[in-house]
Amino acid sequence: MASTVQPPRGMRDFLPDDKARREGVLAVIRQAFAAYGYREIETPVLEELSRLESSQGGDNEKLIFRVLRRGLDPHDPLPPAKAADLGLRYDLTVPLARLYATHRGELPEVFRAIQVAPVWRAERPQRGRFRQFTQCDIDVLGEAGTVAEVELIAATADALERLGVQGATVRLNDRSVLAAMLDACGVAADQQPAALVSIDKLDKVGLDGVAAELSANGVGAGVVDRLVSVLVGVADAAGDLEATLAALPTRAGERAVRVLAIRDGVTVAKPGAAVVVDPTLVRGMGYYTGPIFEVHHPAFRGGSIGGGGRYDGMVGRFAGTDVPACGFSLGFERVVELVDAARFRSARRQVALVHTGDVDPGTLVAWQRRLIAVGADVRLVPRKRNVARTLEALRREGFEEWAELDARTRPPATSGPAGLDLRDLR
RNA sequence: GUGGCCGUAGCUCAGCUGGUUAGAGCGCCAGGUUGUGGUCCUGGAAGUCGGGGGUUCGAGUCCCCUCGGCCACCCCA
């Protein structure tokens, strides 16, 4: 093992190469979003627990890292519920709603926000899943129309396109379609949440698996049969829009108008975009109220690289009056993995000054500053026994040019026109 | 949160059924060699065998606990 000293479980250090790549990807995403008139905001990493916990964050609420109150008496331990009053955010949507409620008067009527920031969930880590990870969110607050959804999807598709990520598909659905579907099949209201979770696993456990889980949850056989036949119909439609709609119960089909409007909108706005209407898409967050969407990529079977939807009820919980809201979140850690190991290197010349140990520090840094002044990034590197190996390592870091300095190298002029000197820069 | 696999020098790994001062390659350092530099030779530094308990005359090797990584589930980005 590398070291016994390690970062906390599920959290990572980023070395220069990783960091450069991540920042490069982030810059592209930010530009793609900013191009649609969105502006970046930032909120504290901590929010009041009561806000994090009452916002229908689904299972994520169980994964909150809680922060102990200050000044607790260690000899008089309180139950966890009373010992903590703040928690690390598990997503960026809840803090955004809070920010909006706090600053509504200072914000435009329709507010478009970018958020690029870490969130925390106390999950069991594995590939593409961490306890601290970065999300890239765009949200539209104050827009009730489907233009919000169309724009969000277009912007997200743009970001992926700019990054050269191929093969991503956006799946679209609407919570009300799901609800109508379950109603029509006779699923009792109190069984619907569990039923949704089961349906969500369709692509993983298959029809039989879903049916078995529904039965296990106490859904009657007749109801399961009806639901399964709907799901079979959807599956047989194989993505064909008309066939998919025809497979739905009438009332559910009627509820699909918004989804269809969004799909049509995206198709008109961005003809190449891969958008698929999928009545079995569920999504875990409880706060979604209408259209929902998710980005899938073959590299993450079963998982998504992003998702979002409309959450018209949440801002009202904080602000008192309802404000329509809709957002899309890209899972940065997963997106980064899909981006070609393209080098996001400095545009400036990267120069190494390989020097012997007998050059005095002032002279060394004077040379360094002279090169900096004419547009290079310059690193001082002590000369070692095997220079060739040193140079190879530098090249891997992006230092393509180098010059050698020893005590006999004449000091640079401290003034006057500076050109990139040490003409034998190699 | 549940289950499985794994954890030996900076890196990649070897250490058979428990037995003397834990090894190799690469890298690193020093000296020499070489057509002033990715060669070769010699020597050297470097390991709490993830951590803690236990079994044993004796544990890197067995048992328990713990930390961390990976995988599946759960769920999600």
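Residue numbers start from 1 in every chain, and the chains themselves are labelled A, B, ... in the order their sequence lines are given, proteins ahead of strands.
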- request: Take atom OH of Y90(A) and atom P of A77(B), then tell me their distance rounded to the nearest Å.
  value: 11 Å

- request: Verify the contact: side-chain N or O of K62(A) to OP1 or OP2 of G1(B), cut-off strictly under 4.0 Å; return yes or no.
  value: no

query: Are F332(A) and the base of A77(B) stacked, counting only ring centres nearer than 5.5 Å and planes tilted under 30°?
result: no

Between the protein and nucleotides 69-73 of chain B, are there any N/O to N/O pairs under 3.5 Å, and if so, what are the atom names and distances?
unit_1 : atom_1 : unit_2  : atom_2 : d
G69(B) : OP1    : G10(A)  : N      : 2.7
G69(B) : OP2    : R9(A)   : NE     : 2.9
C71(B) : OP2    : R127(A) : N      : 2.5
A72(B) : OP2    : Q126(A) : OE1    : 2.9

message: Between C49(B) and A22(B), how many Å separate the two P atoms, rounded to a whole number?
response: 11 Å

field: Identified side-chain contact (heavy atoms from CB on, under 4.5 Å) partner of R263(A) from the options V276(A), V275(A), I153(A), V150(A)
entry: V275(A)

- line: Atom NZ of K384(A) and atom P of G38(B) are separated, to the nearest Å, by 14 Å

task: Determine the Euclidean distance between corresponding P atoms of U20(B) and U61(B); express it in Å to zero decimal places.
output: 14 Å

- prompt: If only side-chain N and O atoms of R283(A) are considered, is one of them under 4.0 Å from the OP1 or OP2 phosphate oxygen of A77(B)?
  reply: yes

- prompt: Any N or O donor-acceptor pair linking the side chain of R385(A) to the base of G32(B) at under 3.5 Å?
  reply: yes

task: Pick the C1' atom in G27(B) and in G38(B), then give their distance to the nearest Å.
output: 13 Å

field: Phosphate contact (U39(B) OP1 or OP2) by N386(A) side-chain N/O below 4.0 Å
entry: yes

message: In this structure, how many angstroms lie between the C1' atom of A77(B) and the CG atom of L63(A), rounded?
response: 13 Å

query: Between R389(A) and G27(B), does any side-chain N or O lie under 4.0 Å from OP1 or OP2?
result: yes

task: Take E294(A) and R171(A) through the test salt bridge (Lys or Arg N to Asp or Glu O under 4.0 Å) and record every step on the way to the result.
output: CA-CA 5 Å; E294(A) 204 162 89; R171(A) 294 163 68 202; 3.8 Å; yes

query: Between C74(B) atom P and E123(A) atom CD, what is the distance in whole Å?
result: 13 Å

- request: Determine the Euclidean distance between corresponding C1' atoms of U2(B) and C62(B); express it in Å to zero decimal places.
  value: 27 Å

field: Proximity of F133(A) and F332(A) rings by center, below 6.0 Å
entry: no

message: Can you check the distance between C64(B) and U55(B), where both ends of the measurement are the P atom (answer in whole Å)?
response: 15 Å

Qualifying side-chain hydrogen bond (donor to acceptor under 3.5 Å, both in side chains) pairs, either residue in residues 153-166 of chain A, two or more places apart: Y36(A)-D158(A), D158(A)-K270(A), E161(A)-K270(A)

field: Partner of E123(A) under side-chain hydrogen bond (donor to acceptor under 3.5 Å, both in side chains), chosen from R129(A), R9(A), R131(A)
entry: R129(A)

Atom of V94(A), atom of L52(A) and distance for their closest heavy-atom approach: CG1-CD2, 4.2 Å

query: Mapping V295(A) and A122(A) onto RNA chain B by nearest heavy atom, which one lands closer to the 5' end?
result: A122(A)

message: With no hydrogens and no angle check, just 3.5 Å: does a side-chain donor-acceptor pair link Y311(A) and D139(A)?
response: yes

